[in-house]
Amino acid sequence: MYLVLDIGGTFVKYALMSSAGDIVSKNKRPIGRTSLEELLDTVYSIIDEQDLTSVKGIAVCCPGAVDVKTGIVYHGGSFPFLHEVNLMKLIRDRYDKDVSIENDGKCAALAELWLGSVKGAKDSVVLVLGSGIGGGIIMGGQLQRGANLSAGEVSYIMSAMDPDTQEATYFGLECSAVEMVRRIGEMKGLQDPTDGEAVFAFINQQDEEATAIFNAYCMKVAVQIMNLQYILDPELFAIGGGISAQPILLERLQWSIAEIKRLNPFHKANPQVTACAFRNDANLYGALYHFFVEQDESFRSLRGPRTQ
């Protein structure tokens with residue numbers, strides 16, 4: 001068995017998984033965001049509860065730019081106190097187990113590369129629509145990290161900058177699925193404006209107000225897909241995140257791309273868009289795949305392409 005930990009903004013998801021990618025058991029636990037000590041207390045308590053005699057290794061994913069070779073996390077996303085912390089070493093030294101660590105968005109991309117929707121594609125982009133935009137870029141069958149660990153950090157792509165106010169608009173903010181759902185939920189007077197199922201009920205019923213916001217959202221995502229197509233020219237875009245479970249999302253993204261091309265006939269790009277195979281468990285699968293790639297040379301040659 002392998003213990004896999006997905007450190008998210010609200011919960012740590014954890015699972016015992018087999019080398020074939022089967023989830024034997026899984027659970028989640030709330031995590032504090034006030035200090036490194038609080039975070040580590042949660043992580044350690046999860047590991048302490050496992051029968052470590054049957055655990056061959058521990059795979060971790062977390063927010064932030066991650067140097068997968070050294071184990072150091074930079075910036076830390078939702079956990080700024082993780083900046084320059086060697087989380088891999090802390091866990092490895094405490095439990096004397098092989099440990100790997102990877103960025104959460106890149107783990108989602110690795111899950112799709114290993115067993116998901118971009119398996120077999122040479123060049124692809126995985127976009128995870130959540131509170132921001134996560135994911136990864138795969139070129140030549142390899143996950144790209146870049147010289148400064150910034151490859152695939154598409155949330156920071158700017159749509160524009162106002163020369164007067166010097167304020168910028170960012171892909172991750174403009175195309176936040178959480179924010180889109182909240183806007184519709186508040187407009188429709190939902191008791192819980194973040195209830196995605198209730199919001200998509202309005203969208204699927206073609207409610208005029210909900211549809212207008214949703215269509216504008218999909219058009220903004222489609223614009224950035226077109227931009228990335230021109231820059232990277234991948235074979236395929238895979239769209240993940242909780243809202244990717246809604247068939248209307250893919251349908252409306254494809255419609256938006258077609259509409260951009262109809263209104264601007266000079267466009268020659270033709271992005272191919274599909275849904276990710278993994279949703280809520282994507283980071284678990286990707287973290288486990290990364291562990292194998294880092295630890296097992298035979299896995300690199302037998303199971304999939306080597307990451308860099």
Side-chain angles (χ1 to χ4, degrees), residues 21 102-130 132-147 149-157 159 171-172 175 177 218-241 243-262 264-279 281-283 285-287 289-290 292-293 299-308:
E102 177 59 286
N103 165 267
D104 48 6
K106 288 180 171 60
C107 280
L110 286 171
E112 298 302 318
L113 176 63
W114 180 23
L115 297 170
S117 58
V118 302
K119 180 180 180 181
K122 183 180 177 183
D123 302 328
S124 59
V125 175
V126 177
L127 298 176
V128 181
L129 308 180
I133 312 294
I137 296 168
I138 297 160
M139 303 299 289
Q142 299 182 350
L143 177 67
Q144 302 300 300
R145 294 194 171 87
L149 306 176
S150 296
E153 296 292 331
V154 297
S155 272
Y156 297 101
I157 292 175
S159 305
F171 187 13
C175 297
C218 290
M219 183 61 74
K220 289 176 181 177
V221 175
V223 165
Q224 296 298 346
I225 288 174
M226 289 292 287
N227 287 341
L228 290 168
Q229 185 71 46
Y230 282 114
I231 295 167
L232 300 170
D233 200 22
E235 301 165 50
L236 191 62
F237 286 85
I239 308 300
I243 67 170
S244 67
Q246 299 287 339
I248 196 171
L249 174 70
L250 200 63
E251 171 195 313
R252 204 57 53 86
L253 285 176
Q254 291 168 333
W255 175 85
S256 297
I257 290 168
E259 190 70 359
I260 290 170
K261 296 181 68 175
R262 183 185 70 82
N264 303 274
F266 59 83
H267 275 304
K268 302 303 178 186
N270 187 33
Q272 301 300 303
V273 182
T274 190
C276 285
F278 297 102
R279 296 188 179 98
D281 293 332
N283 290 355
Y285 283 94
Y289 176 75
H290 172 68
F292 292 147
V293 168
F299 187 87
R300 298 172 192 248
S301 60
L302 294 175
R303 293 297 187 92
R306 181 174 180 170
T307 59
Q308 64 177 23

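Residues take their numbers from the sequence shown, with the count starting at 1.
- Taking Tyr230 as the reference, His267 meet the ring pair (Phe, Tyr, Trp, His ring centres under 6.0 Å) condition, with sequence neighbours excluded.
- Atom NZ in Lys268 sits 11.5 Å away from atom CG in Asn270 (nearest 0.5 Å).
- For Asn103, the side chain to side chain donor-acceptor pair (under 3.5 Å) criterion is met by no residue, not counting sequence neighbours.
- Between Met226 and Ile257 the shortest heavy-atom distance is SD-CG2, 4.0 Å.
- Applying the side-chain contact (heavy atoms from CB on, under 4.5 Å) rule to Ala287 yields the partners Val4, Ala59, Cys61, Cys107; only residues at least two apart in sequence or on another chain are considered.
- A distance-only check finds no donor-acceptor pair linking the side chain of Ser124 to the backbone of Ala121 [under 3.5 Å].
- For Val128, the side-chain contact (heavy atoms from CB on, under 4.5 Å) partners at least two apart in sequence or on another chain are Ala108, Val126.
- Cys218 and Leu249 make their closest contact through SG-CD1, 4.0 Å (heavy atoms, listed as atom of the first residue, atom of the second, distance).
- Listed by chain and number, the residues in a side chain to side chain donor-acceptor pair (under 3.5 Å) with Gln272 amount to none (sequence neighbours excluded).
- Applying the ring pair (Phe, Tyr, Trp, His ring centres under 6.0 Å) criterion to Phe278, with sequence neighbours excluded, gives Tyr285.
- Glu259 meets the salt bridge (Lys or Arg N to Asp or Glu O under 4.0 Å) test with Arg262; sequence neighbours excluded.
- The line from CG of Leu228 to CD1 of Ile137 is 7.0 Å long, rounded to the nearest 0.5 Å.
- Ala109 approaches Gly135 most closely through the heavy-atom pair CB-C, 4.3 Å.
- Interatomic distance, Leu129 CG to Leu127 CG, rounded to the nearest 0.5 Å: 6.5 Å.
- A 4.5 Å side-chain heavy-atom check between Val273 and Ile239 finds at least one atom pair inside the cut-off.
- Distance check, rounded to the nearest 0.5 Å: CD of Gln144 to CG of Leu149 gives 12.5 Å.
- The shortest side-chain heavy-atom distance between Lys106 and Glu153 falls under the 4.5 Å cut-off.
- For the pair Ile260 and Met219, the minimum side-chain heavy-atom distance is below 4.5 Å.
- Nearest heavy-atom pair, Gln229 versus Pro271, reported as atom, atom and distance to 0.1 Å: OE1-CA, 3.3 Å.
- In this structure, Ser117 and Ala275 approach most closely via the heavy-atom pair CB-O, 3.4 Å.
- Put simply, the residue from Ile138, Val125, Thr274 that forms a side-chain contact (heavy atoms from CB on, under 4.5 Å) with Val118 is Ile138.
- Under the side-chain contact (heavy atoms from CB on, under 4.5 Å) criterion, Ala277 pairs with Glu112, not counting sequence neighbours.
- The side chain to side chain donor-acceptor pair (under 3.5 Å) search around Gln224 returns Ser159, Asn227, not counting sequence neighbours.
- Although no hydrogens or angles enter the test, the distance criterion places a donor-acceptor pair under 3.5 Å between the side chain of Lys261 and the main chain of Ala269.
- Considering only residues two or more places apart in sequence or on other chains, Ser155 meets the side-chain contact (heavy atoms from CB on, under 4.5 Å) condition with Ile133.
- Every residue was checked against the side chain to side chain donor-acceptor pair (under 3.5 Å) condition with Ser256, not counting sequence neighbours, and none meets it.
- Pairing each heavy atom of Phe237 with each of Ile225, the nearest pair is CZ-O, 3.5 Å.
- Using a 4.0 Å cut-off between charged nitrogen and carboxylate oxygen, Glu102 and Arg145 count as a salt-bridge pair.
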